[in-house]
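So the structure is just underneath, and the comments pick up after that.
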Amino acid sequence: MRSSIGLRSAFGTLRRGHHSVGIIGAPFSKGQPRDGVERGPDLIRAAGLVEKLKGQGCIVKDYGNLIFEEVPNDEPIGRVKRPRTVGRANEQLASAVERVKNDGHTCVMLGGDHSLAIGSIQGHASSRNELSVVWVDAHADINTPLTSPTGNIHGQPMSYLIHELHSKIPVMPNFSWIKPCIAAKDIVYIGLRDVDPEEHYILKRLGIKVFSMTEVDRLGIAKVMEQTCDHIFSKVKKPIHLSYDIDALDPSITPATGTPVVGGLSYREGIYITEYICQTGLLSAVDMVEVNPKRGKTEEEIKSTVNTAVDLLLGCFGRVREGSHSPDYKMPEP
């Protein structure tokens with residue numbers, strides 16, 4: 001039996017009931033072409049998220065859903081589709097996330113599509129300055145407006161946020177408010193298995209830490225999480241922004257999503273990631289995105305996807321599976 005003393009002494013005692021959670025719903029679908037993903041926030045709530053968080057001792061404030069407006073005459077800019085609508089929605093979301101953080105909560109953003117990470121991470125950074133980002137996803141979402149093969153902004157959000165890519169981002173309407181706020185060295189990807197050639201080049205060029213599904217298979221998820229934390233805590237302990245796309249998991253578990261890719265994380269691996277990050281005591285904001293009931297073929301597929309999203313969020317806030325033990329992670333000395 002592994003002891004959790006090392007982790008707990010490094011991060012302070014972590015007990016049930018010490019999490020204050022602020023939930024913001026972002027029912028937004030315009031960063032990609034498929035209707036239905038805007039229903040994600042309400043479905044995740046309807047599956048009992050708030051009650052279950054309270055049941056495991058969390059203090060929860062639900063800020064409700066943002067209301068997004070369609071911007072008229074939103075013609076493409078180059079390849080980029082619906083830039084004005086996406087830019088405006090993310091500006092609203094950034095303000096909402098900043099408010100949740102300034103109120104003293106760990107922010108949970110329920111999407112919606114993954115273009116919303118622009119506003120979620122920007123708003124988080126506005127309240128906390130430097131962040132570490134753990135991006136759990138089948139896709140890297142780091143295309144720039146110039147490299148994107150589809151023009152859908154849900155495949156581009158990281159490129160707007162990274163300091164080192166700032167010179168590659170053209171001027172676009174409703175995007176001028178965005179300021180790069182993440183360094184490449186503070187990002188870790190987990191679960192990648194469908195990456196465009198241009199994204200491969202960007203990831204290599206910037207030296208971003210990536211654990212593809214090949215690495216997850218080779219190392220095992222425990223070693224992946226240990227190395228993730230070694231990487232992001234190697235110099236300064238920064239707050240963690242966990243951006244979790246439900247398609248990171250294998251579609252046999254979470255089929256109701258817009259761009260499923262076979263060969264993904266198992267349920268246990270997906271949950272382990274959240275438990276491990278919770279144990280660091282540095283989780284500061286979470287995105288849960290791309291739950292799309294219209295992409296489920298049956299009620300059972302929808303239910304499995306939504307319930308898994310809830311379980312992942314519960315893992316972020318102290319739910320421990322029966323008989324499990326905290327990982328023995330010791331914080332490196334500064």
Side-chain angles (χ1 to χ4, degrees), residues 1-16 18-19 106 130-138 140 158 182-193 195 203-204 206-245 248-250 253 263-288 308 311-334:
M1 183 182 294
R2 295 199 301 166
S3 161
S4 61
I5 299 301
L7 185 85
R8 288 175 186 272
S9 61
F11 293 108
T13 304
L14 302 172
R15 291 198 298 271
R16 286 163 64 94
H18 278 208
H19 298 285
T106 300
E130 291 188 305
L131 303 174
S132 297
V133 174
V134 178
W135 192 278
V136 185
D137 200 330
M158 285 296 270
I182 321 165
K185 64 181 174 53
D186 294 324
I187 301 163
V188 177
Y189 279 98
I190 301 172
L192 297 189
R193 56 194 184 277
V195 180
L203 292 167
K204 287 277 188 197
L206 299 185
I208 292 174
K209 188 75 169 173
V210 173
F211 295 99
S212 68
M213 283 310 302
T214 302
E215 271 79 52
V216 174
D217 288 341
R218 184 169 60 85
L219 297 170
I221 198 64
K223 189 59 105 175
V224 165
M225 293 314 297
E226 190 179 312
Q227 291 186 14
T228 292
C229 288
D230 283 343
H231 180 79
I232 61 178
F233 299 147
S234 61
K235 293 184 173 64
V236 182
K237 293 175 278 188
K238 297 171 184 173
I240 296 171
H241 188 109
L242 173 61
S243 201
Y244 214 125
D245 189 320
L249 276 74
D250 192 78
I253 308 154
L265 297 166
S266 70
Y267 176 87
R268 292 190 324 228
E269 289 167 336
I271 294 288
Y272 188 90
I273 292 167
T274 66
E275 291 174 344
Y276 201 102
I277 288 177
C278 174
Q279 290 286 347
T280 68
L282 289 170
L283 181 62
S284 184
V286 189
D287 308 325
M288 182 55 63
T308 301
D311 289 350
L312 293 168
L313 290 168
L314 296 178
C316 290
F317 297 103
R319 189 179 84 160
V320 179
R321 289 172 287 173
E322 192 72 4
S324 68
H325 302 284
S326 309
D328 250 341
Y329 181 77
K330 292 184 176 60
M331 175 70 79
E333 292 300 319

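No hydrogens, no waters, no symmetry mates; every other heavy atom, side chains included, goes into these values. Quick caveat, the model's predicted, so the values are computed rather than measured.
- Cys316 places a side-chain heavy atom less than 4.5 Å from the side chain of Leu242.
- Of all heavy-atom pairs spanning Ser132 and Lys238, the tightest one is OG-CB, 3.7 Å.
- A search for side chain to side chain donor-acceptor pair (under 3.5 Å) contacts involving Lys185 returns nothing, not counting sequence neighbours.
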Pair Phe211, Ile221 - check side chain to side chain contact (heavy atoms under 4.5 Å, CB included), show working. CA-CA 10 Å; Phe211 295 99; Ile221 198 64; over 6 Å; no
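- In this structure, the side chains of Val210 and Val195 stay at 4.5 Å or more apart for every pair of heavy atoms.
- Heavy-atom minimum distance, Asp311 versus Tyr267: OD2-OH, 2.7 Å.
- Using a 4.5 Å cut-off on side-chain heavy atoms (C-beta onward), Leu203 and Leu192 make contact.
- Residues Leu265 and Met213 have side chains in contact (heavy-atom distance under 4.5 Å, counting atoms from C-beta outward).
- Every residue two or more places apart in sequence or in another chain was checked for a salt bridge (Lys or Arg N to Asp or Glu O under 4.0 Å) with Asp250, and none qualifies.
- No side-chain heavy atom of Asp137 sits less than 4.5 Å from a side-chain heavy atom of Tyr189.
- The shortest side-chain heavy-atom distance between Ile277 and Thr274 does not fall under the 4.5 Å cut-off.
- Residues satisfying the side chain to side chain donor-acceptor pair (under 3.5 Å) test with Ser243, not counting sequence neighbours, are His114, Asp287.
- Rounded to the nearest 0.5 angstrom, Thr308 OG1 and Leu313 CG are separated by 11.0 Å.
- Considering CD1 of Ile240 and SG of Cys229, their distance stands at 5.5 Å, rounded to 0.5 Å.
- Side-chain atoms of Arg319 never come within 3.5 Å of backbone atoms of Phe317 as a donor-acceptor pair (strictly under, hydrogens ignored).
- The structure places CD1 of Ile182 at 5.0 Å from CD1 of Ile187, a figure rounded to the nearest 0.5 Å.
- When all heavy atoms of Leu249 and Gly270 are compared, the closest pair comes out as CD1-CA, 4.4 Å.
- Side-chain contact between Met158 and Ile208 is absent, with no heavy-atom pair separated by less than 4.5 Å.
- By the side chain to side chain donor-acceptor pair (under 3.5 Å) test, Ser212 pairs with Glu215, sequence neighbours left out.
- Legend: residues meeting salt bridge (Lys or Arg N to Asp or Glu O under 4.0 Å) with Lys209, ordered by chain and number and at least two apart, are absent.
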Handout entry: Step-by-step side chain to side chain contact (heavy atoms under 4.5 Å, CB included) determination, Met225 to Ile273
Key = CA-CA 7 Å; Met225 293 314 297; Ile273 292 167; 3.8 Å; yes
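- Met288 is listed as a side-chain neighbour of Leu312, based on a closest heavy-atom distance under 4.5 Å.
- Every residue was checked against the ring pair (Phe, Tyr, Trp, His ring centres under 6.0 Å) condition with Tyr244, not counting sequence neighbours, and none meets it.
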*asked:* The test is side chain to side chain contact (heavy atoms under 4.5 Å, CB included); show your working for Ser284 and Leu131 and say whether it passes.
replied: CA-CA 9 Å; Ser284 184; Leu131 303 174; 5.5 Å; no
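- Taking CD1 from Ile232 and CD from Gln227, the interatomic distance works out to 12.5 Å, rounded to the nearest 0.5 Å.
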List the steps and the verdict of side chain to side chain contact (heavy atoms under 4.5 Å, CB included) for Glu269 and Val216. CA-CA 9 Å; Glu269 289 167 336; Val216 174; 3.7 Å; yes
